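Just below is one structure, and these are the notes that go with it.
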Amino acid sequence: MAESNPAVAVKRSASAGLSAISAEAIEGLTELDELERVYQQLCDEEKQVESELEALISQQGNIETKMLALQRMGPNLQLIEGDATQLSGMITFTCSLAENVSSKVRQLDLAKNRLYQAIQRADDILDLKFCTDGVQTALRNEDYEQAAAHVHRYLSLDQSVIELSRQGGESSAVDASLALLQEAEQRLKALVKERLDQAIADGDLAQVERFFKIFPLLGLHDQGLARFAQYLCAQLAKKAEENLLLAVGGELGERRAALIFADTLTLLLEGIARIVETHQPIVETYYGPGRLYTLIKHLQVECDRQAEKVVDKFIQQRDYQNKFQIVQSSMMRSMSTEKIEPRELDPVLLEVTVMNSRAELYLRFLRRRITADFEVGDATAPKSTVQEHQQSLEKLLTHCLLSRNMQELIGYYIPMEEYYMRESVNKAVAMDTYEKGQLTSSMVDDCFYIVKKCISRALSSSSIDCLCAMINHATSVLESDFREVLYNKLRQGFPATTLQDIQRGVSSAVSLMQTSLQQGKFNTLGIESAEDAKASFLVTLNNVEVCSENIITLKKNLESDCSKLFSQGFGSGEQAQAKIDSCLSDLVSTSSKFKDLLQEGLTELNNTAIKPQVKPWISNFLSISHNIEEDEFNEYEANDPWVQQFIVNLEQLMAEFKAGLSPVIYDTLTSLMTSLISLEMEKTVLKCTFSRLGGLQFDKELRSLVTYLTTVTTWTIRDKFARLTQMATILNLERVTEILDYWGPNSGPLTWRLTPAEVRQVLALRIDFRSEDIKRLRL
Amino acid sequence: MQEMANGKMHFSAPVSKDRIISKFPKWYTPQACLQMKDHWHTRVKTACQDRTTRNVGMKMSKVVVVGDLYVGKTCLINRFCKDMFDRDYKATIGVDFEIERFELSGVPYSLQIWDTAGQEKFKCIASTYYRGAQVIIIVFDLADIRTLEHTRQWLQEAMRENDPGSCFIFLVGTKRDLLSSAECHRTERDAVKMASEMQAEFWSVSSKTGENVREFFFRVAALAFEGSMLRDLEGAGSHSHIGAGDLIRIDQGTAEEPKAKSVKKLSCC
């Protein structure tokens, strides 16, 4: 207490700014040391205060000079105030002056504008007069361009100006010239229409173009475009009819005969594209941008008409509808009287996809052109107009008869392509052959060739919906139909051969019979030789694996094909991409179903072919005594009693699978086998008894086995044998208590896979370990 | 695998607030509904609270919307997904689709809604999407009784590609705003009868006013979610998965065991 008090007191005094340590604190001090320390403190404080005071005093002079300067400034401030007031007055004055001047300028400006307007009007009236005279002369000289130019000038005059002029002094004169002009305008319009119609009837392109250019001058944009389109349509129709006639009557031996309707359609669409290309500049120059849509709208009517003719002829000549109906009815009922050979559909399916891709290409061309034209025309238009234009373009393209016709063709195409795919796959399955030495049989390659072909054909139609539909069909065919085929083959099982297997063989034969009976037909596979059945099972396993790989490859290839399609501008943006992505991810998910099937098949193989063989070999271990002394141990050293034979047996057993299975599957199978061995060994070892040397023998045997198995598989097997290795360690102990050197805190990097109970169980296998010692162990 | 992981990342943005469903949505009418209970299945509830379920990744169910042309399938979807209603009729070409993301009991979940064209000529395209659907929504026009009669046909076609009992079926009458309450009542009675024949749940909606649309889709999402969770929970018992996407199955019985119901795992890439 006595020590802490002064410190507190010092702090307080410092914060209060008062000198010294409180008097009571000093009075309370009794020790000399303390007193001296406080005294010293007080002295320090005094020095500090003195230096502070000196600093303050030294500043005094400085402050006094500053005060003096401030006092001197007083009168100056009064002067400044006066000046400021004067300045403000001057600014106010200037301001009002400026206002006055500017209002006069404004008035002048107004007057100037009025003057300009007056001049403009005078000019207009003069123009009007000039136009009136000009039109008359031009019409007399049949110079329609000149006449139209005059009328255009008149039409572009401000109508209100003309009205005002009529109210003026010269009303009668203006009226007269106006009447004349209007009359001339009507006459010119009628004349130009007549002449254009005449030119169209004559098919005189030069004249058609001449009068077509006059229409916009007279404000008759739409009529001009309509008439011009009429001319173009007539040309188009003539050409198209010729082409179609040629196509229908053409020699069927021609090289492209199989695609003649697709070619005819192509000619038609290319013709229109060429027309658009040639005449777009005229329309743009004389009618201004944003008019292309109107022209194409008229052309599309003719295009629709001609395309429909081609499509109708196609349907008729190729017997398209009929083929579709046959296909549909044979898909509804599997037993149909009439059936089409899938190969027969090849040309017609190809032709439809070509037709559709041409139509898509054409519509894409129109979209590009019209959009670009609208963009120029609508540069300053309000948003609503832009939207309206976009909608009308969309409507034109998606609802034109050409589109609808193509949609219908594709509508028939998809079920026919589906039929083609299913039938061909069925055929590939039925004609499945397998050559010795090959890992897979023909049907896998054939089946994927067909699926790829069908999807590629759908892709070549450039229709995203069509492509997606075929991807979905392919997914269904692979996942249900084809997987089912492989699944049924695996269900027939791997035939048993050894005596030990007879029981299992019988039961699998019974189940085979049952399934055959359920399917209503007797499967000839049942009486095939066992060797063939074995090979068939292994080939099927390989097939399943290849399928799973092929599906992934197919998806990857399709993805890159689609991105090519999209980069060419097909499919309208995100929606199409998302649709494709979704369908492709459905497709690729079937790959894992094949993987599941493979796993099931391997388990089956492991259970039927490996387990029944391996089990007795392992149980042979029981007949070899491990309760041995030095002599027997040496005897075993010279003549291996079990493990070498076991390894030889395994080698023989697996040789067949190594030859018949793909490396990946074989590896999985050996992995299953090693799991089986470790499990069975464990069970067997627990049934034996061991001496000290017996434990050593077992350790040696296990090492040989693990070394062998490590060489045959790429999977790590140490883990699978961890429990057995630990059992060997236990069986190899000198004393029961030695286990504690490895257990619990002494286990080091070793992780025990055996429970304490199991450790006791294994210890008990050693005949030389006393059960009391084992019981006494604290694990 | 890499792609799948990326896909999941892409979808892990938070679900918008108006798509969070915490309370189990109710039926429209008890006379024709798929479930009467008003709470989550207990097993699903526990699974939702389990952290591991939340980390499984994006779950998605496939919903297919079918029905006659001009009954308002696209309008129904647009009202829910984009909250808009377009008076002009625009025929759907082929199929369209939307992905709608939800959060149910704290677990993210998506519906992939396929909007099919009602026109006959597009049926061949639309029908390829029926397979593997968890939900089939059959739409008809409350003001046109013939479209209700056709729903039976639509159901038959959609179920041809699916195992019976594998999907939830909804019967939805649209354009409710066009009918007087008396007319509406009469048609609904017929529809309820039809729905119970189909073992479907009946809903009556208006896409124009938005009446019942949100409630309906919430109900769809909840039932589909619960269904797929239950199936996963059952599935997990019969086989274990090694690795995230490889789905190697450790088989329990022989190869003869019935085909496990295909558990759709849509990757989102």
Side-chain angles (χ1 to χ4, degrees), chain A residues 391 394-395 398-399 403-404 407-418 463-466 468-473 475-476 479-480 483-484 487 490-491 493 508 511 515 575 578-579 581-586 588-590 592-593 595-605 607-608 668, chain B residues 1 3-4 7 60 62 86 88-99 112-117 119-132 160-161 163 239 241-243 245-260 262-269:
Chain A
Q391 274 174 4
E394 217 49 54
K395 210 169 168 182
T398 47
H399 295 285
S403 288
R404 280 182 284 147
Q407 284 160 3
E408 257 159 52
L409 284 186
I410 291 293
Y412 293 133
Y413 161 82
I414 292 171
M416 279 159 90
E417 188 73 276
E418 184 200 354
S463 157
I464 300 299
D465 273 324
C466 173
C468 285
M470 280 319 294
I471 294 174
N472 289 341
H473 277 312
T475 307
S476 150
E479 191 182 309
S480 306
R483 190 177 163 279
E484 200 78 357
Y487 176 69
L490 289 181
R491 256 173 64 153
S508 98
S511 78
T515 54
Q575 259 276 323
K579 262 193 251 180
D581 287 348
S582 165
C583 293
L584 283 179
S585 83
D586 277 353
V588 86
S589 72
T590 52
S592 62
K593 299 211 167 107
K595 281 206 182 101
D596 292 350
L597 186 59
L598 176 65
Q599 201 62 33
E600 279 178 34
L602 280 174
T603 314
E604 167 73 8
L605 187 61
N607 286 340
T608 39
T668 319
Chain B
M1 277 311 296
E3 283 171 31
M4 264 180 80
M60 179 133 69
K62 184 170 171 184
D86 192 350
D88 293 337
Y89 173 61
K90 271 190 230 120
T92 306
I93 291 171
V95 287
D96 278 337
F97 94 120
E98 295 285 340
I99 289 180
Q112 187 187 38
I113 306 171
W114 290 92
D115 177 18
T116 67
Q119 281 173 293
E120 183 67 30
K121 66 178 169 188
F122 293 121
K123 222 177 229 180
C124 64
I125 292 172
S127 63
T128 66
Y129 292 90
Y130 296 164
R131 234 168 85 85
R160 204 176 289 152
E161 305 290 330
D163 296 331
H239 54 76
H241 296 185
I242 299 174
D246 276 342
L247 285 172
I248 296 173
R249 194 179 324 157
I250 304 293
D251 194 73
Q252 306 258 305
T254 62
E256 260 116 309
E257 73 166 345
K259 254 202 300 173
S262 59
V263 180
K264 267 259 169 307
K265 273 224 165 162
L266 282 160
S267 70
C268 11
C269 44

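To find a chain, count down the sequence lines: A is the first, B the second, and so on, and within it residues start at 1. Values reported hereafter were calculated over all heavy atoms of this structure, with side chains retained and with hydrogens, waters and symmetry mates removed. The structure displayed is predicted, hence computed values, not measured ones.
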Checklist entry - What do the steps show when you test B/K62 against A/D586 for side-chain contact (heavy atoms from CB on, under 4.5 Å), and what is the final call? => result CA-CA 11 Å; B/K62 184 170 171 184; A/D586 277 353; 4.2 Å; yes
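Between A/Y413 and B/C124 there is no side-chain heavy-atom pair separated by less than 4.5 Å.
Scored by the ring pair (Phe, Tyr, Trp, His ring centres under 6.0 Å) test, B/F97 finds B/W114 as partners (sequence neighbours excluded). For B/T128, the side-chain contact (heavy atoms from CB on, under 4.5 Å) test picks out A/A469, A/N472, A/H473, with sequence neighbours left out.
Under 4.0 Å is where a charged nitrogen must lie from a carboxylate oxygen, and between B/R131 and A/E479 at least one such pair does.
Note that CD1 of B/I93 and CG of A/D465 are 8.5 Å apart. Values are rounded to the nearest 0.5 Å.
Considering only heavy-atom pairs separated by less than 4.5 Å from chain B, the leading option among A/Q407, A/E408, A/H399 is A/Q407.
Of the atoms belonging to B/D96, heavy atoms from both backbone and side chain fall under 4.5 Å from chain A. Both the backbone and the side chain of A/C468 come within contact range of chain B, judged by heavy atoms closer than 4.5 Å.
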